[in-house]
Amino acid sequence: MSDAANKAWSGRFNEPVSELVKRYTASVTFDKRMAEVDIQGSLAHAAMLNKSGVLSDDDLAAIRGGMADILADIRAGTLEWSIDLEDVHMNVERRLTDKIGDAGKRLHTGRSRNDQVATDIRLYLRGATDAIVGLVHELQRSLVDLAEQHAATVMPGFTHLQVAQPVTFGHHMLAYVEMLGRDAERFIDARKRINRLPLGSAALAGTTYPIDREYTAQLLGFDSVTQNSLDAVSDRDFAIEFTAAAALTMTHLSRLSEELIIWMSPRFGFIDIADRFCTGSSIMPQKKNPDVPELVRGKTGRVNGHLVALLTLMKSQPLAYNKDNQEDKEPLFDTVDTLSDTLRIYADMMRGITVKPEAMERAVKQGFATATDLADYLVKKGLPFRDAHEAVALAVRYAEEKRRDLSELQLVELQSFSPLIDADVVNVLTPEGSLAARDHVGGTAPNQVRAQIARWRGLLAA
Ligand code: ARG
């Protein structure tokens, strides 16, 4: 078939595009991923045309039969995609016409590829969003399980990556459960704006046929129909929102990744990651590298890049549809793939983590993590906070010279820094005492951590 004869608009043109231009303008190599939702959208459109009296019963039956065959071919991987037919929409339509003749040519009545592609992306993204919310919840469950095992495991909490105050490892894990909870909320919220039907907007202005958009929406499970045709065929803000939610999720996971990498370094030795998530070195036999968290850190850059790509794609586009929008798909698909894989691997990886409580406890003591508790103790005995801060600073300096933790100093030694110190000080100087004292909603006391675990279990119950 000659190129001119092949194209959907062949009548208008005197010469075919060059091979390079054909390749440059085609999208089928990547938008074929939307084939199933494209067929789903076409079937709903055909049913609506039939209900509205635009398409005969015979034509509808033929379209249904032809599409069923095409779907089977796609699933079997036997459908041959042609870049001569530019995109997934025209490939499917041509196959249909090859199979069923004129009925296939009537499918595109009252529709344009502009509202068709906008519909397909929304259908695709709705499915992806639901799957991703499920994966985020799965990772949260894995973190909650880990938190439960370590609701009372002492570890140093850090600020500026310097030992600050004792926290529990469970509390630390639950911080990520919170972040992921907001991430899931963002996806669920974006879904509301994804799930609106643009079909019926046609090329840009609507159509002259007596269409029933509400009916199409109902068939496809959309919550509502878009209210302005120019807006509906052109804006991709819903895809940008989705990608922003994905970028934030990856950003949260990059923070956890950085921590896992640091904790697994022998300098810290707080955790070990199961071998199946690590690799060795081809030259250094002793090495075990945390490749997965490192890659998650790296892939976060990639997803953040997709967000910027989509924002830049949309920026300054005049109404309505422009071919620029064809460039939305690769960043979007790669965002879905990268985030889905990352979430799946992470849920498994967190279940395979070995926690080393002795190393964490040692770091708490070396870091004088209970110094604030001692200052608070003195304040409660009547000393102004600044004076208490100074007294404890001197005590820390002394303990450091003696290579002991504050909890390992004799009472008389402590009293040389403040006469307000009594025998009851022992309760505040141990990490356990420090943890138990932070007993309020959001605090690190083990009973508070357990209460949060129970709360999350309720929220995540499938
Ligand atoms: N492949 C195109 C896209 O992804 C489909 C819409 C094309 N419409 C047009 N008038 N060229 O956006």
Side-chain angles (χ1 to χ4, degrees), residues 3-4 6-13 16-18 20-42 44-45 70 74 79 81-97 105 107-128 194 196-208 226 229-240 242-243 306 309-337:
D3 191 74
N6 224 344
K7 288 280 185 185
W9 52 82
S10 47
R12 167 80 174 73
F13 290 79
V17 296
S18 71
L20 178 58
V21 171
K22 192 196 295 174
R23 195 154 46 74
Y24 194 77
T25 54
S27 56
V28 68
T29 51
F30 50 85
D31 67 16
K32 64 184 181 200
R33 181 193 282 234
M34 302 193 303
E36 295 211 10
V37 289
D38 190 68
I39 291 172
Q40 203 187 331
S42 288
H45 179 66
I70 294 172
I74 291 168
L79 192 125
W81 301 99
S82 159
I83 72 158
D84 288 335
L85 295 166
E86 194 180 310
D87 58 22
V88 63
H89 323 294
M90 294 206 289
N91 268 268
V92 171
E93 193 186 315
R94 176 60 57 91
R95 296 291 162 246
L96 184 68
T97 303
K105 294 188 197 162
L107 171 64
H108 211 53
T109 310
R111 179 177 84 166
S112 152
R113 274 185 300 150
N114 295 353
D115 59 345
Q116 185 179 358
V117 69
T119 303
D120 290 4
I121 303 169
R122 285 169 182 268
L123 283 173
Y124 166 80
L125 216 44
R126 182 178 73 190
I194 291 170
R196 294 174 188 167
L197 175 77
L199 207 61
S201 304
L204 76 165
T207 176
T208 57
T226 57
S229 59
L230 294 165
D231 171 41
V233 291
S234 61
D235 205 347
R236 298 290 182 263
D237 58 354
F238 62 92
I240 296 173
F242 172 90
T243 309
H306 294 328
L310 291 176
L311 283 167
T312 311
L313 175 71
M314 207 65 239
K315 179 186 173 293
S316 312
Q317 266 197 55
L319 299 182
Y321 177 86
N322 301 283
K323 186 78 168 176
D324 310 39
N325 280 343
Q326 182 166 292
E327 286 289 304
D328 63 354
K329 288 167 203 68
E330 286 163 293
L332 206 49
F333 295 162
D334 190 69
T335 297
V336 170
D337 291 344

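Remember, it's 1-based here, ligands and their atoms both numbered in the order they're listed. One-based numbering along the sequence shown. Computation of the quantities below employed the complete heavy-atom set of this structure, encompassing side-chain atoms and omitting hydrogens, waters and symmetry-equivalent molecules.
The ring-ring contact (aromatic ring centres under 6.0 Å, His included) check on Y321 picks up nothing, with sequence neighbours excluded.
At least one side-chain heavy atom of Q116 sits under 4.5 Å from a side-chain heavy atom of S42. Side-chain atoms of V117 and Q326, non-hydrogen and from C-beta on, never get closer than 4.5 Å to each other. In this structure, W81 and V92 have side chains that are in contact, with non-hydrogen atoms separated by less than 4.5 Å.
For R33 and D337, the salt-bridge test passes: some basic side-chain N is under 4.0 Å from an acidic carboxylate O.
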Ligand 1: protein N/O within less than 3.5 Å of ligand N/O:
unit_1: ligand 1; atom_1: 1 (N); unit_2: S27; atom_2: OG; d: 3.3
unit_1: ligand 1; atom_1: 1 (N); unit_2: D87; atom_2: OD2; d: 2.9
unit_1: ligand 1; atom_1: 1 (N); unit_2: Q326; atom_2: OE1; d: 2.8
unit_1: ligand 1; atom_1: 4 (O); unit_2: K329; atom_2: NZ; d: 2.6
unit_1: ligand 1; atom_1: 8 (N); unit_2: N114; atom_2: OD1; d: 2.9
unit_1: ligand 1; atom_1: 10 (N); unit_2: N114; atom_2: OD1; d: 3.2
unit_1: ligand 1; atom_1: 12 (O); unit_2: Y321; atom_2: OH; d: 2.5

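Side-chain N/O atoms of T29 and R23 include no donor and acceptor closer than 3.5 Å.
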